[in-house]
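Numbered from 1 within each chain, the chains take letters A, B, ... in sequence-line order.
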Protein chains: 2
Amino acid sequence: MRSSTHFTIALHVLTLLASHPGEALTSDFIAGSVNTNPVFIRRVLAALRRSRLVTSQTGPGGGWLLTHAARDVTLRDVFRATEEGALFALHSSTPNPKCPVGGNIQDILGRRFEATQRAVERELEQTTIADLVKEVQARSS
Amino acid sequence: MRSSTHFTIALHVLTLLASHPGEALTSDFIAGSVNTNPVFIRRVLAALRRSRLVTSQTGPGGGWLLTHAARDVTLRDVFRATEEGALFALHSSTPNPKCPVGGNIQDILGRRFEATQRAVERELEQTTIADLVKEVQARSS
DNA sequence: ACAATCGTCACTATATTGGTGTCAATTCAA
DNA sequence: TTGAATTGACACCAATATAGTGACGATTGT
């Protein structure tokens, strides 16, 4: 099963930002919580910025901030911002079009996979970043 | 998004087998429909055999056969046989346990991801290999 | 005995992933 | 104005995953 950690890292970082409302966090500080390096963090956050979920500010006192209230950002929003492409890969080389199965299977499976992806997104929609913050607080109190 | 093509290939092959009921198909023939090489096909089918979805037979006239009626095999069964591990990866290195977020986020996200995986499996359960065969026949008639 | 077929291994090429270093650009503050 | 902090954007590397290919022994039907 292939899947990058970007989705997970993004959720971690957004939860961290939401736990420090109004405070710009540096990629260096964030990397300390995630246990990785600042460049990787900036790569993940750059994708979130493209989707307008965060903003960044250079210079001293700079760093990263949420652009929306945590209760308005669902896991689906983050999923779409970080995971590009489909959940399941189709064939790496096109199947034989002369075979009745080979000639139709990609189209048929593609439709099923889209339905599955919609099911995933419906599930992810049920949770917001604010929910994650609440859970962290409940566990660390 | 990472994800091997094994799930897709397995569905293709099972649909092909179900389209030739009672007939043992060789990995060479199957590879011709999938447009790949027989060794790769045997690798994918070996996983399906471990889950008792197919059997194989060596020697002349040998090949691969379904062990169950196509209407009794759901996409979820194939998913479980081919996709090992979770749908979403957690962090590649453990987050900082001294941070309230880092110390709890993996457990919290793990539960959400399990719920998502259950949603995927519920969706995949709705379709059988027999459904795929029917769709192929409807399109190639 | 022969040929067909699977079972499995080794090797390769390619792509992806994450880690690291570097340096220019921006920006705040002394 | 100078200097330091910080992002932005590269390039490069190591490790891993993926799929393609060849090879060869084991099994089995004719």
Task: Of the listed nucleotides D:dT7, D:dA9, D:dG20, the one nearest the side chain of A:Val39 - done: D:dA9

- [ ] Take atom CZ of A:Arg50 and atom C1' of D:dT7, then tell me their distance rounded to the nearest Å.
- [x] 14 Å

Open item on the list: Does the plane of the ring in B:Phe29 sit parallel, tilted or perpendicular to the ring in B:His20? Use 30° and 60° as the thresholds.
Closed with: perpendicular

TODO: Take atom CZ of B:Phe29 and atom P of C:dC6, then tell me their distance rounded to the nearest Å.
DONE: 12 Å

- [ ] Rounded off to whole Å, could you give me the CG-to-P distance for the A:Leu25 and D:dA5 pair?
- [x] 18 Å

Open item on the list: Does C:dT5 have OP1 or OP2 under 4.0 Å away from a side-chain N or O of B:Thr26?
Closed with: no

TODO: Please state how far atom CZ in B:Phe40 lies from atom C1' in C:dT8, giving the value in whole angstrom units.
DONE: 16 Å

TODO: Could you walk me through whether A:His6 and B:Phe88 pass ring-ring contact (aromatic ring centres under 6.0 Å, His included), step by step?
DONE: CA-CA 10 Å; A:His6 288 208; B:Phe88 301 113; over 10 Å; no

TODO: For D:dG8, take OP1 and OP2 only and decide whether either is under 4.0 Å from a side-chain N or O of A:Thr58.
DONE: no

Open item on the list: Measuring from the side chain of A:Arg42 (C-beta onward, heavy atoms only), which nucleotide among D:dG20, C:dG18, D:dA9 has the closest atom?
Closed with: D:dA9

Open item on the list: Looking at B:Thr5, I'd like to know whether one of its side-chain N or O atoms comes within less than 4.0 Å of OP1 or OP2 on D:dA19.
Closed with: yes

Open item on the list: Heavy-atom nearest nucleotide on DNA chain C for A:Pro60 versus B:Gln57: which residue maps closer to 5'?
Closed with: B:Gln57

- [ ] Could you tell me the separation between the CG atom of A:Leu45 and the C1' atom of D:dG8, rounded to a whole number of Å?
- [x] 13 Å

Open item on the list: Can you tell me if B:Thr36 touches the phosphate of D:dG20, counting only side-chain N or O atoms and a distance under 4.0 Å to OP1 or OP2?
Closed with: yes

TODO: Send over the distance from B:Leu65 CG to C:dT5 C1', rounded to a whole Å.
DONE: 13 Å

Task: Whole-Å gap separating P (D:dT6) and CD1 (A:Ile41) - done: 15 Å

Open item on the list: Do the side chains of A:Arg80 and A:Glu121 get close enough for a salt bridge, i.e. N-O under 4.0 angstrom?
Closed with: yes

- [ ] Establish, with yes or no, whether the OP1 or OP2 oxygen of D:dG8 is under 4.0 angstrom from a side-chain nitrogen or oxygen of A:Ser56.
- [x] yes

- [ ] Select base, sugar-phosphate, or nothing to describe what A:His6 touches, counting heavy atoms under 4.0 Å on all strands.
- [x] sugar-phosphate

Open item on the list: Using whole Å, what does the distance between atom C1' of nucleotide D:dA5 and atom CH2 of A:Trp64 come to?
Closed with: 15 Å

- [ ] State whether the number of non-hydrogen atoms from other residues, nucleotides or ligands found under 6.0 Å of A:Arg139 atom CZ is greater than 12.
- [x] yes

TODO: Report yes if a donor N or O on one partner sits less than 3.5 Å from an acceptor N or O on the other, where the partners are the side chain of A:Arg43 and the base of C:dG19; otherwise report no.
DONE: yes

Task: A:Glu135 and B:Arg111 ion-paired at < 4.0 Å - done: no

